[in-house]
Amino acid sequence: MDNYLKLPFDCLYVDDITVFVNDKGHVMSFDGALAFCFCTSGSLRITTGEKEFVISRSETFFLLPTLSFTVLEVSDDFACYVLRADYDYYFQIMDGILDVRTQIQMSQHPYVALTEQQFNTLLPLLKTLHGRIELASRNTLPAREHALTRKLIISMVNTIAYELLHIYMDHMLDQVGTVELSRKEQITQDFIILVFQNYDQEREIAYYADKLCLTPHYLSSVIKQTTGANASELIRERVVSEAKRLLAGTSLSAKEIAARLNFANQSFFGRWFKRYAGVSPQRYRSGLVSGSGAAGAGAAEG
């Protein structure tokens, strides 16, 4: 997702879904990112393993980093907009709006059919965003205009994100009482809630298994089956995301962040962060300041 403006997202117009599909029909995952598919014409039939969806005009689908699916059938006239955002950016948008349980419910029920009014609200916003990013990517702008354009585009995406959340929350209100979780889905939900509540102190899966009265092996197996990701990865993603947020949005020192996230010392935190984020905490923070670093910097803007 690296680009000229160093945006934490991109907006694609897709009329050939095969560019995202491997030779077995599996849609390639967007590593570390969440994507929103907004169908404008045609239809797409997909399966997530246990569930099957048909996505047609004015219908949407959220593609989570932990959710893999396979294309079963696609019409010749299928087209959609795909808004893809860094997971860190997504978390910072969601954390201030939805509680953990609603976020989990959203991840487990990613399909939403829009009303005609909702479709007509979102379509011009996505068209304008796509055009603005395309235009900006083809031009070298003066420093002052570069910064303004970046903030403008981030503001546009924030608006779209909030429109989507509003639509989804309305949709879920209509579904209250109709959603029943399987035993494994319930375990997954309880696990993720525990991670959100304890990630800053506990990073070992044994802790969460004990809280759920399960063995670590069984918990790991369930999480893998229901999300496609390892339980340890989900814990780690949450810690990395919070570390990045603290580095980007606060003046806390690396030592203070290490203490807040329950690392033994600053040195261990630095090595751990570099292993999973790709750069040291100092390099990550300095990259955000200079404008040349990680894409997640834009989340607090706009």
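All residue numbers in this chain count up from 1 along the given sequence. Just so it is clear, the model here is predicted, and its values are computed rather than measured. Quick note: numbers below take in every heavy atom, side chains included, and nothing from hydrogens, waters or symmetry partners.
At a threshold of 4.5 Å between non-hydrogen side-chain atoms, the residues F263 and I257 do not count as touching. The closest side-chain heavy-atom distance from F36 to L126 is below 4.5 Å. The closest side-chain heavy-atom distance from T60 to Y168 is not below 4.5 Å. By the 4.5 Å heavy-atom criterion applied to side chains, L122 and L164 are counted as neighbours. Counting heavy atoms from C-beta outward, I167 and T121 have side chains that stay 4.5 Å or more apart.
In this structure, the separation between OG1 on T128 and CD1 on I153 is 11.5 Å, given to the nearest 0.5 Å. I205 CD1 to L219 CG: the interatomic distance, rounded to the nearest 0.5 Å, is 4.5 Å. Distance check: R57 CZ to E116 CD gives 4.5 Å after rounding to the nearest 0.5 Å. The structure places CG of L129 at 8.5 Å from CG of L125, a figure rounded to the nearest 0.5 Å. Put simply, OG on S182 and CD on Q189 are 10.5 Å apart, with the number rounded to the nearest 0.5 Å. Rounding to the nearest 0.5 Å gives a distance of 13.5 Å between CD of Q118 and CG of L123.
Summarising the local packing, CD of E256 is surrounded by more than 12 heavy atoms from other residues, nucleotides or ligands at distances under 6.0 Å. By the neighbour-count criterion of 12 heavy atoms within 6.0 Å, atom CZ of R236 is densely surrounded, having more than that number from other residues, nucleotides or ligands. Within a 6.0 Å radius of CD in Q201, other residues, nucleotides and ligands contribute more than 12 heavy atoms.
By the criterion of side-chain heavy atoms lying less than 4.5 angstrom apart, applied directly or through intervening Ile, Leu, Val, Met, Phe, Trp or Tyr residues, Y162 is grouped together with M156 in one hydrophobic cluster. Follow the hydrophobic side-chain contacts under 4.5 Å out from Y218 and you reach L212 in the same cluster. I160 and Y13 fall within the same hydrophobic cluster, defined by Ile, Leu, Val, Met, Phe, Trp and Tyr side-chain heavy atoms under 4.5 Å apart, directly or through other members. Taken together through direct or relayed side-chain contacts under 4.5 Å among Ile, Leu, Val, Met, Phe, Trp and Tyr, V239 and F268 form part of one hydrophobic cluster.
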**Request:** Report the C-alpha separation of I223 and T188 in whole Å, then their side-chain angles, then the decisive distance to 0.1 Å, and conclude whether the side chain to side chain contact (heavy atoms under 4.5 Å, CB included) test is met.
**Result:** CA-CA 6 Å; I223 300 303; T188 301; 3.8 Å; yes
**Asked** Which is it for E237 and L234 under the side chain to side chain contact (heavy atoms under 4.5 Å, CB included) test, yes or no, and what are the steps along the way?
**Response** CA-CA 5 Å; E237 283 178 1; L234 297 179; 4.1 Å; yes
**Message:** Could you go through I154 and N158, starting from their C-alpha distance and side-chain angles, then the distance that decides it, and tell me whether this counts as side chain to side chain contact (heavy atoms under 4.5 Å, CB included)?
**Reply:** CA-CA 6 Å; I154 288 173; N158 287 348; 3.9 Å; yes
**Asked** What do the steps show when you test L214 against V222 for side chain to side chain contact (heavy atoms under 4.5 Å, CB included), and what is the final call?
**Response** CA-CA 10 Å; L214 304 170; V222 169; over 6 Å; no
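When the side chain to side chain donor-acceptor pair (under 3.5 Å) test is applied to T159, no partner is found at least two apart in sequence or on another chain. For K224, there are no side chain to side chain donor-acceptor pair (under 3.5 Å) partners, not counting sequence neighbours.
Between R150 and P8, the closest heavy-atom pair is NH2-CD, 4.3 Å. Looking at every heavy atom in both residues, A254 comes nearest to Q282 through CB-NE2, 4.0 Å. Here the closest heavy-atom approach between residue S75 and residue G42 is recorded as OG-CA, 3.3 Å. Considering all non-hydrogen atoms of both residues, R203 and L261 come closest at NH1-O, 2.8 Å. Nearest heavy-atom pair, C39 versus C80, reported as atom, atom and distance to 0.1 Å: CA-CB, 3.9 Å. Residue L72 comes nearest to E52 through the heavy atom pair CD1-OE1, 3.6 Å, listed as atom of the first residue, atom of the second, then distance.
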Tabulate below the donor-acceptor pairs under 3.5 Å that side-chain atoms of residues 191-199 make, not counting sequence neighbours, or state none.
| from | atom 1 | to | atom 2 | distance (Å) |
| --- | --- | --- | --- | --- |
| N198 | OD1 | Y207 | OH | 3.3 |
| N198 | ND2 | L194 | O | 2.8 |

Under 3.5 Å, sequence neighbours excluded: what are the donor-acceptor pairs made by side chains of residues 269-280?
| from | atom 1 | to | atom 2 | distance (Å) |
| --- | --- | --- | --- | --- |
| R271 | NH1 | S267 | OG | 2.8 |
| S280 | OG | R283 | N | 3.0 |

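Among residues at least two apart or in separate chains, salt bridge (Lys or Arg N to Asp or Glu O under 4.0 Å) pairs with a member in residues 123-134 are E134-R138. Within the structure, the salt bridge (Lys or Arg N to Asp or Glu O under 4.0 Å) test picks out the following pairs touching residues 72-83 (sequence neighbours left out): R45-E73.
Not a single donor-acceptor pair under 3.5 Å links the side chain of R84 to the backbone N or O of D10. A donor-acceptor pair under 3.5 Å is formed between the side chain of T40 and the backbone N or O of A79.
Ring orientation note: the planes of H130 and Y81 are nearly perpendicular, at an angle over 60° on the 30°/60° scale. F61 and F53 have perpendicular rings, their planes meeting at more than 60° on a 0 to 90° scale where under 30° would count as parallel.
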